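Bear in mind the structure is a predicted one, so any value in this text is a computation, not a measurement. Below, chain A is the first sequence line, B the second, and so on; all start at residue 1.
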Number of protein chains: 2
Amino acid sequence: MDSGSEQPVPRKRADARRNERALLDAAAAAFVTSGVDVPVRDIAVRAGVGVGTIYRHFPTRADLIVAVYRHQIEACVEAGPALLADSDTPHAALAQWIDLFVDFLVTKHGLAAALQSDDAAFQTLHAYFIDRLVPVCDQLLDAAVAADQIRTDMDAYGLLRGVGNLCIGAGSDPRYDTRRLVELLVAGLRVR
Amino acid sequence: MDSGSEQPVPRKRADARRNERALLDAAAAAFVTSGVDVPVRDIAVRAGVGVGTIYRHFPTRADLIVAVYRHQIEACVEAGPALLADSDTPHAALAQWIDLFVDFLVTKHGLAAALQSDDAAFQTLHAYFIDRLVPVCDQLLDAAVAADQIRTDMDAYGLLRGVGNLCIGAGSDPRYDTRRLVELLVAGLRVR
DNA sequence: TCCGCAAGCGGAGCGTTGTTCCGTTAGCCA
DNA sequence: TGGCTAACGGAACAACGCTCCGCTTGCGGA
């Protein structure tokens, strides 16, 4: 964290900053209408730039996705400790936090699938989610374990991937109720 | 089911039958080494045929996948009633049957993901699985419900899709334990 | 204000894959 | 054996990810 009066990294050119902003807006809009798998060319057209400009600012699709959703993910990260402090029980906090995570995922068409993809282009995406969310989930799990509310043999990584997987295809079929399945999973976590 | 001495549909030409067999073998081998997303051309080369021949025999990738795995899926279908008859409790039968399903899915790289894909090319695949497996699962669920062993608010379709989803990415990361998560899901099903 | 340079841009173009289409080949039956 | 046509093969087209390089333009210095 530099507190100097001037940035050590030289400021980017005005058009570069303008394009980056335009790309983020265009990508966000494109993700809503066509999912995170929307063709790169479509995003470029929306933003009024060439495809080369996209790759210069965001080398992989994962970088673009992370940039678009960073704020929401961070909000989810910060909600963890807050829920733990406010909820009646650690298990309730865990359930509510997972609900938040599900809320986030099911509204981003194709994101849950991209998260589990073994495509190299999505490695950064996977890493970012793991890096930010696993510690929070770990904290919630630890608290619930300490309160003797859940089994001890489930780790945060596995749980988050499981929940993420259950969010794949949400909304594609009215008979597939993501939330009920997640609820089932969390219920299975309880000690009996 | 026609029991006449001759088929109403004229027998296919010898080369056509030979190629279909070669394609099934080639596809099975290609699926093992490269997953069910293996490029069509690769399968054609393995089978020693042109790509046109693939599309003539199997109009969509789903048709080819179904043809390759039909035997194993039918075995799973038939195992349902057998387990129900042999197991100690309906819930045990359900758990064992789901284990069989998981066994099948986790050994087919990419199949679980294809199953949930909303790609039109996989619609037939999805439909076939649903058509064959949902009734069996339904039977097992009904028996467990009748024995007061599980909750009544879960339908076979939702459960199977949930289990299928949990199988996505199996084996891609040693920290992701598909079987434990499925076990958790089935545990959450129990009445408490 | 003007100049020069390099940061940044755009999109043509290549490689990969799915899918179609049609000229050619070769089983099958009379 | 001859001819009809089922069946074949692969060229060709479309869609997409990604790279590369000639051109543009923002910006600091004179």
Side-chain angles (χ1 to χ4, degrees), chain A residues 6-27 30-31 33-65 110 113-114 117-125, chain B residues 6-27 30-31 33-65 67 109-110 113-114 117-125:
Chain A
E6 53 193 332
Q7 293 88 345
V9 284
R11 244 173 84 213
K12 280 199 288 195
R13 260 169 53 171
D15 54 349
R17 270 175 289 137
R18 195 166 49 238
N19 280 332
E20 184 167 335
R21 168 60 62 97
L23 275 172
L24 284 174
D25 292 346
F31 289 170
T33 57
S34 311
V36 296
D37 292 319
V38 62
V40 178
R41 281 172 175 79
D42 288 5
I43 303 176
V45 170
R46 272 183 194 260
V49 304
V51 287
T53 301
I54 293 193
Y55 285 99
R56 195 168 313 104
H57 286 279
F58 306 100
T60 72
R61 182 180 294 268
D63 295 314
L64 184 52
I65 296 175
S117 162
D118 52 1
D119 188 334
F122 289 123
Q123 214 161 348
T124 309
L125 183 66
Chain B
E6 54 191 332
Q7 292 88 345
V9 284
R11 244 174 84 211
K12 278 199 287 195
R13 260 169 51 173
D15 55 347
R17 267 175 291 137
R18 195 167 48 239
N19 279 332
E20 182 166 337
R21 168 61 60 98
L23 274 172
L24 284 174
D25 293 345
F31 289 170
T33 56
S34 311
V36 297
D37 292 321
V38 62
V40 179
R41 279 170 178 78
D42 289 6
I43 302 177
V45 169
R46 272 183 193 259
V49 305
V51 288
T53 301
I54 293 193
Y55 283 99
R56 196 167 314 105
H57 286 280
F58 306 99
T60 72
R61 181 181 294 269
D63 296 314
L64 183 53
I65 296 175
H109 189 208
S117 162
D118 51 1
D119 187 334
F122 289 122
Q123 214 162 349
T124 310
L125 182 68

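Within 4.0 Å of R56(A), counting heavy atoms only, lies at least one base atom of the nucleic acid. Counting any heavy atom pair closer than 4.0 Å across all strands shown, V51(A) reaches a base atom. Residue-level contact check: R41(B) touches the bases, meaning some heavy atom is under 4.0 Å from a base atom.
Close to dA7(D), at under 4.0 Å from its OP1 or OP2, lies no side-chain N or O of N19(B). Checking the phosphate oxygens (OP1, OP2) of dC9(C), a side-chain nitrogen or oxygen of H57(A) falls inside 4.0 Å.
Among the nucleotides dT17(C), dC28(C), dT19(D), the one closest to any side-chain atom of Y55(A) is dT19(D). The side chain of D15(A) sits closest to dC9(C) out of dG17(D), dC9(C), dC28(C). Counting only heavy atoms from C-beta on, R17(A) has its side chain closest to dC27(D) among dC27(D), dC8(D), dC9(C). Proximity note for P39(B) (side chain, C-beta onward) versus dG18(C), dG10(C), dG17(D): the nearest is dG18(C).
Between the side chain of R61(B) and the backbone N or O of F122(B), no donor-acceptor pair lies under 3.5 Å.
A straight line from CD1 of I54(B) to C1' of dC21(C) spans 16 Å, rounded to a whole angstrom. When rounded to the nearest whole Å, the span between CZ of R61(A) and C1' of dG17(D) equals 8 Å. Computed from coordinates, the L64(A) CG to dC18(D) P distance equals 12 Å when rounded to whole Å.
Judged by atom type and distance alone, R13(B) does not reach the base of dA7(D) through any side-chain donor-acceptor pair under 3.5 Å.
Residues F31(A) and I43(A) are in side-chain contact: their nearest non-hydrogen atoms beyond the backbone lie under 4.5 Å apart.
Of the residues near DNA chain D, D37(A) and G52(B), the one whose nearest nucleotide (by heavy atom distance) lies more toward the 5' end is G52(B).
Applying the 6.0 Å contact sphere to CZ of R17(B) captures more than 12 heavy atoms from other residues, nucleotides or ligands. A 6.0 Å sphere centred on NE2 of H57(A) holds more than 12 heavy atoms belonging to other residues, nucleotides or ligands.
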